[in-house]
Amino acid sequence: MPQMEEQLQEPSTVKGTVDRITFQNHQNGYTVAVVRNGKERVTVVGIMPFLSEGDLAQFVGHYMQHPTYGQQLSVTSFERCAPEGTAAILRYLSGGAIRGIGPGTAARIVEQFGADSLDILQNHPEQLATVRGISLSRAYEFSAEYAKQFGVREVMLLLNNYRVSPEMCVRIYRVLGEDSSVLIRENPYILCREEIGFSFDRVEQIAADFEIPADNEMRLCAGVEFILRQNLMNGHTCLPADKLTAVAIRLLESDALRIEQIIDMLIKQLRLQEYTVGDRRFLALPEYFVAEDHIAARLTTMVRRSHDFLPIDDLEIDYVENKLGIRFEALQRQAVRAAFENNILIVTGGPGTGKTTTLNAIIELLERRDAQIALAAPTGRAAKRMTELTGREAKTLHRLLEVNWTNEARPEFSRNEKNPLTCDVIIVDEASMIDSLLFDSLLRALRLNCRLILVGDADQLPSVSAGNILADLLAENRFPSIALNKVFRQAKESLIVTNAHAIIENKPPVLTDRSHDFFFLHRDNMRDVCNTVLELCAERLPKAYGFDPLTDIQVLCPSRKTDAGTVQLNALLQSCLNPPKAGDQTISYKGFSYRVGDKVMQIKNNYEIIWRKADGEEGTGAFNGDVGFIISVDRRANTVTVQFEDRTVNYMGEEIGELEPAYAITVHKSQGSEFDCVIMPLFETPSRLRYRNLLYTGVTRAKKMLVLVGDTSVFYEMAENDRKTLRYTLLRSMLENYFYGE
């Protein structure tokens, strides 16, 4: 379908009554409506939340010519006007503007109150209860619904000069409620709240216009909290007080004494929690402090509890060996036994060390004892892989815990202390990816007698979100753990496997053998690196090995930036693998033009977004790391539809910003996934990303083939750098305190 062409023109204004709503997305307010202006009919399109048939409103925007739908007004702002006269009020209320008021109820309201009906609705709802069929509680519900419509409008008007999109205004209203505008005027820094997500710098511009002084308490408090929230993205659940103070002094242009006063005040208000480790003071946001404290308390209790299962004997293990047609290595046998002797077990190991075989043996023996087992993983891809490897259904942790959401778009799990999971044993794969909040939610949903088995690779990168669960538990050394370290003969035939272990063991990898599945193509400059990556994806690997360039091959980059980072390579790969075709519709967002066929990734958890399956089943949730393909683009409706394996998700307006092109993704985003073929450019990699765990994680994402392209010196520098990613957490110290009974 040809794209719409927007004319360069002065804004136009249309005032009229909404005759018909032809389309409306209730999640973000995108609406297509026909407006009657005298004898003229105008189609208006844009973000117009709560617009209803019968509304009298004024619309501002630009006229544009759609090849199918004709002339339309693309609305940039609108203002709802109170209907004038009893006839207009009756039409407005009868059209479903207020949820629960139909034509009959509307007629009775207007008959009783006439032209004062809307004033009664807004300011004297108790009088509505005198109308036949309206109870007092329903009267207040109608009034609240009416107030909501005008509340969003007030937020849009208040923030119109700061390039705040209508979709964001709807979100702000949903979080802050009917007093949104008042709250923002009193304290614009409320927009920094996690559920809204404005950056501190963005709010500073608004606050300056509101004449908020630099030393204002609200500003300083918001700045300190913002620093802690920003560092959650770096994996820290807390920060040393001295570091937090130093950053706050620079950000807020204040002095140490004033910042310390603010921190003390936040602690007294329970907006921050403090904790001392040795002689160093740490500060954390309350939810992370509570999460790590609960994790430590619960795990300590689990370790100290007596065991419900009888110890397993050698005959049972021999039986499983015969059934699976294998012979266990000593550590595998030890891991199987430990699963029955402990309430908590951690099993770790790299590729080819028999984690899957060990896991299947444990499951087989648990089932022989009629134990109810739940299998889970942090991501959809990891859960799918676990299902394939075990032959039993594995769920994402979010699905297992039955995620819902609050009005503030925060996750809430139906499975918790009051409604625990019914399983006897839960086995969680890819444990290195579990963050603190999710692990806390999992533990809260387990019955006291439920056993927990964590499986993972201790040498991989930690979770994308805040926390360092697997590393902290292993470092504490009080939890039963088995580290499988023997690479089996069949796995040794893979250079991917042997080189991965060489990297971890700081041994020389083999880069010159081109007879296996691991290749290093040396290139001397960035242009050759990029060209080689494109050739491998589009031509060489598909022709030589039959790999599908979109579903089998994945480009993994250490960095988003640089000319061999994901941003640049996605643009190049899109033009190569999915070039534009005549009649394509495109939607541009953050510098990338999306079109049908594009490979995309969800880059943040969205617990609200609706998905649908082919059989009509519906549910909610798209999660960080989900990869899919765009199957439709509608520029008129500003929507993009993505197919994620067995479900489709419709993205609209600002939601499109939750997608990124996924022809090339970062190594961090690839955690929990495996790909038949991985291409990894290593050239001019930023120094902060030249470390062993990142290289190892990238290498171990490849199942059948790995091709590294670039500079061998970068490879060796990364392989030799055993610097661990620094993460500030409180969990280890809290565990020590609980174990020692402090």
Side-chain angles (χ1 to χ4, degrees), residues 286-310 338-347 359 362-363 365-380 382-383 386-387 390 392-406 410-431 433-456 463 465 467 469-470 472-473 478-480 605 607 619-621 623 731 734-735 738:
E287 64 178 322
Y288 286 88
F289 180 91
V290 170
E292 292 196 305
D293 184 63
H294 176 261
I295 291 169
R298 179 63 188 272
L299 292 181
T300 305
T301 301
M302 291 176 69
V303 167
R304 289 174 173 169
R305 276 180 59 85
S306 60
H307 314 301
D308 299 324
F309 289 0
L310 293 174
F340 287 81
E341 295 175 348
N342 302 280
N343 287 327
I344 300 175
L345 175 65
I346 304 172
V347 180
L359 181 59
I362 291 171
I363 294 171
L365 289 170
L366 287 170
E367 289 177 340
R368 280 174 57 84
R369 298 195 178 193
D370 296 322
Q372 187 174 345
I373 309 165
L375 305 182
T379 67
M386 193 180 190
T387 298
T390 64
R392 298 159 177 88
E393 183 187 17
K395 299 179 179 180
T396 64
L397 286 168
H398 290 87
R399 184 179 166 209
L400 180 73
L401 299 177
E402 299 174 15
V403 68
N404 295 303
W405 62 91
T406 67
R410 296 174 66 85
E412 218 173 50
F413 297 103
S414 296
R415 294 292 184 172
N416 50 41
E417 299 97 328
K418 296 180 180 179
N419 182 30
L421 296 165
T422 59
C423 55
D424 302 307
V425 182
I426 182 166
I427 303 174
V428 183
D429 199 8
E430 297 290 353
M433 298 180 64
I434 307 175
D435 61 76
S436 294
L437 294 185
L438 185 56
F439 193 54
D440 175 49
S441 296
L442 172 64
L443 293 180
R444 290 179 186 276
L446 300 185
R447 297 181 300 174
L448 285 176
N449 61 349
C450 181
R451 294 181 177 232
L452 174 65
I453 300 174
L454 300 175
V455 183
S463 60
S465 301
I469 296 297
L470 183 61
D472 283 346
L473 297 188
R478 285 182 171 86
F479 301 99
N605 290 339
Y607 302 97
T620 57
F623 302 105
L731 181 56
M734 288 175 167
L735 284 166
Y738 277 107

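Hydrogens, waters and symmetry mates are skipped; everything else that's a heavy atom, side chains included, is used.
Heavy-atom minimum distance, G467 versus S436: CA-OG, 3.3 Å.
Looking at heavy atoms from C-beta onward, V303 lies out of side-chain contact with N343 at the 4.5 angstrom threshold. Considering only heavy atoms from C-beta on, L421 comes within 4.5 Å of L401 through its side chain. Put simply, the side chain of M386 reaches to within 4.5 Å of the side chain of L359, judged on heavy atoms. No side-chain heavy atom of L400 sits less than 4.5 Å from a side-chain heavy atom of R415. Using a 4.5 Å cut-off on side-chain heavy atoms (C-beta onward), L735 and F479 make contact. Contact of the I469 side chain with the S463 side chain is not registered, since no non-hydrogen atoms from C-beta on lie closer than 4.5 Å. Between D293 and Y738, the closest side-chain pair of non-hydrogen atoms falls below 4.5 Å. Counting heavy atoms from C-beta on, the side chains of F439 and L299 come closer than 4.5 Å.
A distance of 11.5 Å separates CD in E430 from CG in L397, rounded to the nearest 0.5 Å. Between E292 atom CD and L437 atom CG the span is 9.0 Å, to the nearest 0.5 Å. Atom CD1 of residue I373 and atom SG of residue C450 lie 10.5 Å apart, to the nearest 0.5 angstrom. Here the CZ atom belonging to R298 is positioned 5.0 Å from the CG atom belonging to L448, to the nearest 0.5 angstrom. If you take CD1 on I362 and CD1 on I453, they are separated by 5.0 Å, rounding to the nearest 0.5 Å.
In this structure R392 satisfies the side chain to side chain contact (heavy atoms under 4.5 Å, CB included) test together with N360, I363, E364, E367, L375, T390, sequence neighbours excluded. Taking the side chain to side chain contact (heavy atoms under 4.5 Å, CB included) definition, one finds that R478 meets it with E476, E736, F739, Y740, sequence neighbours left out.
For residues 438-447, the set of pairs meeting the side chain to side chain donor-acceptor pair (under 3.5 Å) definition, not counting sequence neighbours, comprises H294-D440, E417-R444, D424-R447, D440-R444.
Panel note: side chain R451, backbone F340; a donor-acceptor pair is recorded below 3.5 Å.
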